[in-house]
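Worksheet for the structure shown next.
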Amino acid sequence: MTILITGARGKVGQAVIGRLHSAGLTVRAASASPAELTAPAGVEVAELALDRPETFDAALRGVRQVFLYPQPAGIHELVKAAEAADVEHVVLLSSSSVLGPDAEHDPLASHSLQVERALAASNLTCTFLRPDAFASNSLGWAYFIGRSMPIQLAYPDAHIAPIHPEDIADIAVEALTGTSLTGHSVTLTGPESLTFREQLALLADTLGRDIPVEQITRAEAEQQMGNYMPAPMVSSLLDLWEAADHGPAAIADTTQTLLGRPARTYRQWAAENASAFTQH
C-alpha cells in the first residue's frame, strides 16, 4: 500500500514522510516541482500539481491513502481521479479557520473549506485535521528580532494556543496508520494559551536578551502587513486577533488527548529554533 504525501516540500509534509518511511511504509512524495524536492533514500518522488489534472493519474497509481494540503484549484478533478484510482482514505491538513463565522468568504478559511466540501461530497473516507496557529508563525518576527528591532503589533495581548508543527506531523501519521481518527474532524492546538506578548517573552528568555514590544494602531498594522499580503487577508487576520484580545484561547485536541503523549510546548519550539532569530 502506497501513501501519497502532497505538499511534500512543506515542514509538516517532510516530517510525515520521514516518520512513515522510518516505519517501513511505502511512501510517494509529491510536489508541483519534484526536482526541488528532497526525500529520504527509497522514497519515490512524483509530480503532482493540483492545478494540472494531467499529473494526477501517475501520482495516484497504486495509492491507497493520501495526505493532502488544501488547494481548491483542481480539487474536484483530484477527487474524481482518487476515486478512480481506488484511494481508500484522504487525510486533509485543513485549518481551524473553517469553523469561524462566514468562513466561506473569509480569505483565511475559504481555501480549506472548499477542499473540505469537495471531499465531504465524494465517496472517499476523509479525515480533517484542523490545526490552529502554528508555533512556526513566529518566524515572521525573525528578521526584526535578529536585528534588535522592536516587534510592532496592533494586538500584542491577543491569545492563541500555538501548536508545534511536529505535533501536527505526529497526529497526521496516526491518522494515516491507525484507526482512531479515521473519518473524524479534529481541531488541533498546542497545550497552552499564550498572548503574542507572552510568546515574545519566552523567545527573549530563550535568546537571553530583551525583545521590545510596541503597540501600534490597527491602521498602522494594516499598512505594514499590506506590504507583503493582500488587503483582505490583512483584514481577516486583524479581525481574528482583535477577537482574541479578550481572554485565553480554548485548548482543543493535542497529542496528549489524541495520542497519549505530552504536547510540545511553545518554549520547546523556541529553543529548537533559536538560531533563526539571530542575524545571519
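For the single chain, residues carry numbers from 1 onward in sequence order. Not measured: the values here are computed from a predicted model.
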Taking atom types as modelled, is there a side-chain donor on [X] or [Y] under 3.5 Å from an acceptor on the other?
X	Y	value
Q65	E88	no
S96	D132	yes
S138	Y266	yes

Evaluate side chain to side chain contact (heavy atoms under 4.5 Å, CB included) for E36 paired with S31, printing each intermediate quantity in order.
CA-CA 8 Å; E36 300 174 14; S31 171; over 6 Å; no
What's the spacing between [X] [atom1] and [Y] [atom2] if we round to 0.5 Å?
X	Y	atom1	atom2	result
F196	L203	CZ	CG	12.5 Å
I17	R19	CD1	CZ	11.5 Å
T265	I163	OG1	CD1	12.5 Å
I3	F67	CD1	CZ	11.5 Å
W269	N137	CH2	CG	8.5 Å
K80	N123	NZ	CG	12.5 Å

Within the structure provided, determine whether [X] and [Y] are in side-chain contact (heavy-atom separation under 4.5 Å).
X	Y	result
I75	L78	yes
E214	I151	no
H105	S110	no
Q114	E104	no
V173	I171	no
L93	P131	yes
T206	F277	no

Is a salt bridge present between [X] and [Y], judged by a nitrogen-to-oxygen distance below 4.0 Å?
X	Y	answer
K11	E166	no
D205	R267	yes
R52	E47	yes

May I ask you to decide if [Y]'s main-chain N or O and [X]'s side chain share a donor-acceptor pair within less than 3.5 Å?
X	Y	answer
R28	R61	yes
T195	E198	yes
T55	A49	yes
Q215	A154	yes
S33	A35	no
D245	A158	yes
Q14	A8	yes
E77	D51	no
S236	P232	no
T26	T2	no

Steps toward side chain to side chain donor-acceptor pair (under 3.5 Å) verdict (D167, H164):
CA-CA 5 Å; D167 280 3; H164 196 302; 5.4 Å; no
Please determine whether the number of non-hydrogen atoms from other residues, nucleotides or ligands lying under 6.0 Å from atom CD of Q223 exceeds 12.
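Open.
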Taking CG in D210 as the centre, count heavy atoms belonging to other residues, nucleotides or ligands within less than 6.0 Å. Is the count above 12?
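For D210, atom CG is not crowded (no more than 12 foreign heavy atoms under 6.0 Å).
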W141/F144 aromatic ring centres below 6.0 Å
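W141 vs F144: aromatic centres not under 6.0 Å.
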So which of [options] actually passes side-chain contact (heavy atoms from CB on, under 4.5 Å) with [X]?
X	options	value
T257	T254, L259, T255	T254
L113	L99, L108, D106, V98	V98
L4	V87, L68, V63	V63

Please check if [X] and [Y] belong to a single hydrophobic cluster, counting links between Ile, Leu, Val, Met, Phe, Trp and Tyr side chain heavy atoms closer than 4.5 Å.
X	Y	result
L139	L202	yes
L200	L207	yes
V66	M1	no
L188	F128	no
V90	L129	no

Candidates H89, H184, E174 - the one meeting side chain to side chain donor-acceptor pair (under 3.5 Å) with T127:
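The side chain to side chain donor-acceptor pair (under 3.5 Å) with T127 is passed solely by H89 among H89, H184, E174.
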What are the two closest heavy atoms between [X] and [Y], and how far apart are they?
X	Y	answer
S95	S97	OG-OG, 2.7 Å
A204	I211	N-CD1, 3.6 Å
A46	P34	O-CB, 4.0 Å
Y69	L92	C-CD1, 4.2 Å
Q71	V115	N-CG2, 3.5 Å
A59	L48	CB-CD1, 3.5 Å

Mind running side chain to side chain contact (heavy atoms under 4.5 Å, CB included) on L25 and T177 for me, showing each step along the way?
CA-CA 9 Å; L25 298 170; T177 61; 3.6 Å; yes
Pair R261, Q256 - check side chain to side chain contact (heavy atoms under 4.5 Å, CB included), show working.
CA-CA 5 Å; R261 299 201 298 268; Q256 184 67 60; 6.0 Å; no
Walk me through it: do E272 and Q268 pass the test side chain to side chain donor-acceptor pair (under 3.5 Å)?
CA-CA 6 Å; E272 294 166 354; Q268 182 176 346; 3.2 Å; yes
Would you sort out whether R218 and E242 count as a salt bridge (Lys or Arg N to Asp or Glu O under 4.0 Å), showing the intermediate values?
CA-CA 9 Å; R218 179 174 176 130; E242 182 179 19; 3.4 Å; yes
Derivation of the side chain to side chain contact (heavy atoms under 4.5 Å, CB included) call for M229 and L237:
CA-CA 11 Å; M229 66 176 70; L237 275 172; 3.7 Å; yes
